A.B. asks: 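One structure coming up, written as structure tokens, with questions to follow.
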Amino acid sequence: MHDAEGSWPDVVRLEGFVYDSLQPADGIHGNKAVLRVAWIRREPGYAPQPYEQLASWYRQVGHDDDARRVLLAKQRHYRSTLRPAGRAWGHLLDGTVGYGYRPWLAGLWILALTILGTTTFSTASSPKPVQPGQGPPFNAFVYTLDLLIPIGGLGQRSAWYWTGSGVQSLAYVLIASGWVLTTAVVAGVTRSLNKN
């Protein structure tokens, strides 16, 4: 297909349209994947096939980053068709891991939560030992990692507890966040390894 941005009508029906090659004519400048998504968005309503077709073409020509951009745009467009609870869940997935197309976002969240937990636990009143005189000495950084890492254990979580409800609530939030983010990272890495 040969086209130019100025030749697109306001409404484009792309559902079922299949192509082996996209050749932009003069007039298409900038990030072509973003412009192609704008082209797809001219389709009335939500249709997944045009997104899949464009992403497939980008993968075929070796532009995997553009394919991920198109598939992320597909998820965001689909989210707009959902009910409020589904949209809220979609926003959470988008903000934490970019629907699995940006798993590095989860790493940033883990880093931010590690800094928050370490700072809070090191400045809060001292935790109580589960069994006085036994267990490792308290370390705020290792304690935070022990809460965030859902599998295994570093010995801090089982040796210490907090009596203050605010600090204990943060500990629960870190545990839940660790499970969600770790699961998201695994899903994102699996998706990036399995491009098809």
Side-chain angles (χ1 to χ4, degrees), residues 1-114 148-151 173 176-196:
M1 184 185 81
H2 296 268
D3 73 339
E5 186 178 4
S7 68
W8 301 342
D10 291 337
V11 175
V12 180
R13 303 235 182 240
L14 297 173
E15 180 74 33
F17 179 50
V18 179
Y19 44 87
D20 294 324
S21 176
L22 280 174
Q23 301 299 320
D26 293 336
I28 294 187
H29 304 287
N31 187 324
K32 291 177 180 42
V34 171
L35 292 171
R36 294 291 179 194
V37 167
W39 173 56
I40 292 172
R41 288 300 298 254
R42 292 178 183 221
E43 170 93 25
Y46 169 72
Q49 186 272 335
Y51 289 102
E52 293 290 338
Q53 171 65 40
L54 182 59
S56 174
W57 180 77
Y58 275 128
R59 278 193 300 266
Q60 178 184 347
V61 297
H63 293 230
D64 291 334
D65 288 342
D66 287 333
R68 281 191 291 277
R69 280 187 197 94
V70 170
L71 293 172
L72 180 58
K74 174 186 142 192
Q75 291 296 328
R76 288 174 174 165
H77 189 178
Y78 174 68
R79 179 179 68 212
S80 69
T81 67
L82 299 175
R83 293 185 175 164
R87 281 196 303 271
W89 179 249
H91 281 292
L92 177 66
L93 288 176
D94 194 4
T96 55
V97 291
Y99 286 101
Y101 295 107
R102 296 179 176 170
W104 54 267
L105 283 174
L108 292 178
W109 279 106
I110 289 171
L111 178 63
L113 290 171
T114 300
L148 283 171
I149 299 170
I151 299 171
V173 166
S177 298
W179 276 102
V180 169
L181 291 170
T182 301
T183 303
V185 167
V186 169
V189 169
T190 302
R191 177 175 285 185
S192 66
L193 292 176
N194 182 11
K195 296 186 192 227
N196 295 325

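Since the model is a prediction, treat every value here as computed from it, not as a measurement.
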A.B. asks: The criterion is side chain to side chain donor-acceptor pair (under 3.5 Å); which residues satisfy it with His91, sequence neighbours excluded?
C.D. replies: none

A.B. asks: Would you say the side chain of Leu72 lies within less than 4.5 Å of the side chain of Arg76, judging by non-hydrogen atoms?
C.D. replies: yes

A.B. asks: Please enumerate all residues that pass side chain to side chain donor-acceptor pair (under 3.5 Å) together with Gln60, with sequence neighbours excluded.
C.D. replies: none

A.B. asks: Please identify each residue that fulfils side chain to side chain contact (heavy atoms under 4.5 Å, CB included) with Val11, with sequence neighbours left out.
C.D. replies: Pro44

A.B. asks: Just do the side chain to side chain contact (heavy atoms under 4.5 Å, CB included) check on Thr96 and Val180 with the steps written out, would you?
C.D. replies: CA-CA 9 Å; Thr96 55; Val180 169; 5.6 Å; no

A.B. asks: Return the CZ to CD distance between Arg13 and Glu43, rounded to the nearest 0.5 Å.
C.D. replies: 6.5 Å

A.B. asks: Would you please name every residue forming a salt bridge (charged side-chain N to carboxylate O under 4.0 Å, His left out) with Arg102, sequence neighbours left out?
C.D. replies: none

A.B. asks: Return the set of residues passing salt bridge (charged side-chain N to carboxylate O under 4.0 Å, His left out) with Glu15 (not counting sequence neighbours), or none when no residue passes.
C.D. replies: none

A.B. asks: Atom CG of Leu93 and atom CG of Leu105: how far apart are they, to the nearest 0.5 Å?
C.D. replies: 11.5 Å

A.B. asks: If we only count heavy atoms from C-beta on, is the Val18 to Gln53 side-chain gap below 4.5 Å?
C.D. replies: yes

A.B. asks: Where the side chain of Thr114 meets the backbone of Ile110, is there a donor-acceptor pair that is under 3.5 Å apart?
C.D. replies: yes

A.B. asks: Kindly write out the residues that satisfy side chain to side chain contact (heavy atoms under 4.5 Å, CB included) with Val173, not counting sequence neighbours, or none if the list is empty.
C.D. replies: Ser177

A.B. asks: Just jot down the side chain to side chain contact (heavy atoms under 4.5 Å, CB included) partners of Ile149, sequence neighbours excluded, or say none.
C.D. replies: Leu145

A.B. asks: Residues two or more places apart in sequence or in another chain: which of them pass side chain to side chain donor-acceptor pair (under 3.5 Å) with Ser21?
C.D. replies: Gln23

A.B. asks: Just wondering, do Leu14 and Trp39 contact through their side chains at under 4.5 Å, heavy atoms?
C.D. replies: yes

A.B. asks: Atom CH2 of residue position Trp109 - does it have more than 12 heavy atoms of other residues, nucleotides or ligands inside 6.0 Å?
C.D. replies: no

A.B. asks: What residues, two or more places apart in sequence or in another chain, satisfy salt bridge (charged side-chain N to carboxylate O under 4.0 Å, His left out) together with Arg87?
C.D. replies: none

A.B. asks: Quick check against the 3.5 Å criterion: does Gln49 have a side-chain atom that pairs as donor or acceptor with the backbone of Phe17?
C.D. replies: yes

A.B. asks: Step by step, work out the side chain to side chain contact (heavy atoms under 4.5 Å, CB included) result for Leu22 and Leu54.
C.D. replies: CA-CA 9 Å; Leu22 280 174; Leu54 182 59; 3.5 Å; yes

A.B. asks: Partners of Arg42 by side chain to side chain donor-acceptor pair (under 3.5 Å), sequence neighbours excluded?
C.D. replies: none

A.B. asks: With heavy-atom distances below 4.5 Å as the criterion, would you say the side chains of Leu148 and Leu113 are in contact?
C.D. replies: yes

A.B. asks: Mind checking the CH2-CD1 spacing from Trp179 to Ile151? Nearest 0.5 Å is all I need.
C.D. replies: 5.5 Å

A.B. asks: I'd like to check Tyr51 versus Arg41 (side-chain heavy atoms, cut-off strictly below 4.5 Å). Are they in contact?
C.D. replies: yes

A.B. asks: Suppose we screen for ring pair (Phe, Tyr, Trp, His ring centres under 6.0 Å). Which residues come up paired with Tyr46, at least two apart in sequence or across chains?
C.D. replies: His77, Tyr78

A.B. asks: Rounded to the nearest 0.5 Å, what separation is found between the CG atom of Leu108 and the CG atom of Leu181?
C.D. replies: 10.5 Å

A.B. asks: Hey, are the side chains of Trp57 and His63 touching, using non-hydrogen atoms and a 4.5 Å cut-off?
C.D. replies: no

A.B. asks: How long is the gap from CH2 on Trp8 to CZ on Arg36, to the nearest 0.5 Å?
C.D. replies: 5.5 Å

A.B. asks: Under the side chain to side chain contact (heavy atoms under 4.5 Å, CB included) test, which residues partner Ala67, sequence neighbours left out?
C.D. replies: Ala55, Tyr58, Arg59

